[in-house]
Amino acid sequence: MIPSIPRSSAAKFTYAAYIFVFFVYLFAPLIAVSVFAFNDSQFPSLPWRGFTLDWFLSSAGRTGVGRTGLFFDNGLMSSIGTSTKVAIIVTLISVTVGTTNAFLLERMNFRGRGILYVVMLWPLVIPGVILGVSILQFMSTIANGLEDFFNIRIDFMRPGLPLVIAGQFSFIATIATLIISARLRKFDIELEEAALNLGASHWMAIWTVTLPFLRPSMIGAGIISILMSFENFNTTLMLVGSDAPITIRVFTAMRDGVSPVINALSLVMMFAMATLAIGLMFTGGSKDQGK
Amino acid sequence: MTEIGSSDLGATPAKLPTSVRRQPGVARLWFYLLLLPPVLWLGLLIILPHIQLFILSLKEKVAPRVYTYGLDNYIGFFNEPLYWMTLLRTATISILATALTLVIAFPVAYYIAKMLRGRTKNLIFVLALLPFWVSELVRTLGWIMLLRETGIISNTLLSLGLIPERVELLGNDAAIITGLVYTSMLFMVVPLINSLDSLDDSLIEAAYDLGGKGVAILREIIIPHAMPGIVAGSIVVFMLTLGNIVTPAFLGGKNSIWFTDQIYQKFIVRFNWEQGSAFGFLLLITSSLVVWLGLKLTRQSLAKTIT
């Protein structure tokens with residue numbers, strides 16, 4: 001059961017084989033996606049018709065006939081841009097609110113702190129679809145009310161990127177708060193007091209002592225926010241307007257029937273996400289959370 | 001509301017920075033400034049929208065722009081077998097997928113936590129997590145590539161002579177479960193490893209020295225110790241499975257509607273928000289009930305389980 005307990009070599013082999021099969025299962029779908037990005041065929045399926053980079057680099061489709069590679073597909077490229085924009089905004093707000101929440105939860109002692117903490121966890125146990133529809137109908141109701149009574153049009157409360165940002169922020173903020181709070185909990189308050197005793201103002205002490213201490217967790221929370229925002233589908237689907245982020249675009253494309261361009265896009269996304277995830281491991285920002 | 005403002009020094013926590021302790025008025029201002037973001041966030045994006053969702057679910061349309069309140073949307077759900085059967089099916093398959101994820105993940109988590117050491121352990125752990133940083137859509141696309149009639153598994157079986165002609169493996173419940181288990185794996189493996197890591201090897205050795213057999217050790221020592229991880233993992237996996245859209249949509253067939261898809265249909269396609277809200281609430285209740293039951297039965301708290 002553990003290495004120090006003797007076991008038959010057959011049992012050891014079976015166990016190791018199981019782990020091997022498990023890893024084959026983990027990586028098989030990803031390898032399948034990657035391989036078909038290079039198949040010289042209209043469809044991402046067997047038989048193998050030879051190696052090509054068309055699904056990344058071909059610009060023939062622009063003239064009307066032929067293939068359009070990922071980097072020349074205006075629709076896909078613009079939705080990558082949309083996702084990037086959304087991810088950056090969601091991340092900036094989430095990390096900022098996460099940081100102020102950390103100070104509130106770790107530095108302030110007030111009645112209702114326990115309740116606030118529990119309520120902050122709610123967004124993680126509410127299904128993403130429900131977060132989406134609840135925000136959708138709430139904002140629309142307000143917008144309708146304002147339109148009916150005051151005759152003001154408020155477009156940002158209608159399905160579209162502002163609502164997508166709000167929906168993603170509503171649960172990513174929880175994750176940022178958890179990560180940054182965990183780090184602030186480990187901060188030795190005497191360091192800040194030393195700075196105050198040496199004549200620093202309150203702001204100066206936080207800016208030069210506390211925030212640098214929090215930086216790894218803020219970067220970690222930022223990377224996780226970017227990843228989660230980029231990959232969010234369930235909440236985004238309910239709130240999206242005419243500008244589709246990449247997950248929505250891929251969803252629609254997959255519904256219409258898969259094309260190798262989507263495989264090419266997937267491969268690029270895999271590399272981008274893996275790079276971010278590995279970057280996250282180096283910051284160690286999420287370690288404090290114990291997740 | 002707050003104890004911060006009280007000028008009694010003894011009552012304020014020692015944790016507060018010196019300057020704050022000296023100036024109760026400033027501290028109070030700081031407190032309200034820090035309280036503002038979470039109040040706006042939770043109030044405008046979580047609490048009020050859910051209250052409004054509940055109110056909307058009670059609304060009944062009697063004529064264009066004329067509404068009354070009642071339970072019709074909920075009654076409609078229970079009167080139409082298609083609706084409640086879908087929720088029942090979704091919940092049943094979710095429980096099945098959760099159990100399967102646990103059974104598959106446990107030996108892997110145990111192997112990583114107990115059989116491996118040092119750098120190999122870290123490497124295998126990271127390797128097990130890596131696929132889950134990839135978008136769910138990409139992972140589902142991978143399963144389409146594997147399972148479709150012209151896909152890899154079908155062709156491999158054909159060329160090995162195991163089947164007479166290509167088979168379509170997509171579009172059934174087994175395919176949905178395969179995808180759901182795959183998508184959920186990370187959320188099971190990580191809490192399991194965390195809980196197994198803290199199990200002292202000497203306990204297992206002692207049990208062995210006292211004559212305990214493998215199954216007995218597993219049942220009496222390992223599983224009880226891993227219980228918090230098992231509960232945490234199962235709760236999260238069940239929740240995510242129940243709320244999943246992508247996997248059932250692409251791996252399931254025409255007859256395997258997921259309940260989330262019903263909600264999507266009501267809101268986005270049919271524009272029947274009142275009924276959709278009722279459906280949303282029923283999903284929320286089902287999900288919360290299972291989370292709550294899981295926590296109650298094992299006497300754990302939400303905060304501990306999630307963080």
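Note: hydrogens, waters and symmetry copies are ignored here, and every other heavy atom, side chains too, is used. Every chain is numbered from 1 and lettered A, B, ... according to where its sequence line falls, protein lines coming before strand lines.
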request  = Among B/Gly280, B/Ser135, B/Ala105, B/Gly243, single out the residue with the greatest number of heavy-atom pairs under 4.5 Å to chain A.
outcome  = B/Ser135

Proximity of B/Trp30 and A/Trp203 rings by center, below 6.0 Å = yes

ask   = chain A heavy atoms under 4.5 Å from B/Trp273: which part of the residue, side chain, backbone, both or neither?
value = side chain

ask   = What residues form a side chain to side chain donor-acceptor pair (under 3.5 Å) with B/Thr247, not counting sequence neighbours?
value = B/Glu136, B/Asn244

request  = Taking all non-hydrogen atoms of both residues into account, name the closest pair between A/Leu116 and B/Pro38 and its distance.
outcome  = CD1-CB, 4.5 Å

key: Verdict with reasoning, A/Leu131 to B/His50, per side-chain contact (heavy atoms from CB on, under 4.5 Å)   = CA-CA 8 Å; A/Leu131 278 179; B/His50 280 86; 4.2 Å; yes

ask   = With a 4.5 angstrom heavy-atom cut-off, which part of B/Leu56 approaches chain A: side chain, backbone, both or neither?
value = side chain

ask   = Donor-acceptor pair, A/Tyr18 side chain versus B/Val108 backbone, under 3.5 Å?
value = no

query = Given the rule in the side-chain contact (heavy atoms from CB on, under 4.5 Å) test, do A/Ile130 and B/Ile263 qualify, once you have shown the distances and angles that lead to the verdict?
reply = CA-CA 9 Å; A/Ile130 311 295; B/Ile263 298 175; 4.2 Å; yes

query = Looking only at atom types and distance, does a side-chain atom of B/Gln52 sit under 3.5 Å from a main-chain N or O of A/Ser134, one as donor and one as acceptor?
reply = no

request  = Examine whether an atom of B/Ile46 lies under 4.5 Å from a heavy atom of chain A, and if so say whether it belongs to the side chain, the backbone or both; otherwise answer neither.
outcome  = side chain

inquiry  = Report which part of B/Val290 has an atom under 4.5 Å of a heavy atom belonging to chain A: side chain, backbone, both, or neither.
reply    = neither

query = Of the backbone (N, CA, C, O) and the side chain (C-beta and beyond), which part of B/Ile55 lies under 4.5 Å from a heavy atom of chain A, both, or neither?
reply = neither

task = Determine whether B/Leu42 and A/Trp122 make a side-chain contact, defined as any pair of heavy atoms from C-beta on separated by less than 4.5 Å.
result = no

query = Side chain, backbone, both or neither: which part of B/Ile51 has an atom under 4.5 Å from a heavy atom of chain A?
reply = neither

key: Listed partners of B/Thr140 passing side chain to side chain donor-acceptor pair (under 3.5 Å), at least two apart   = none

Residue B/Phe250 versus chain A: region with a heavy atom under 4.5 Å = side chain

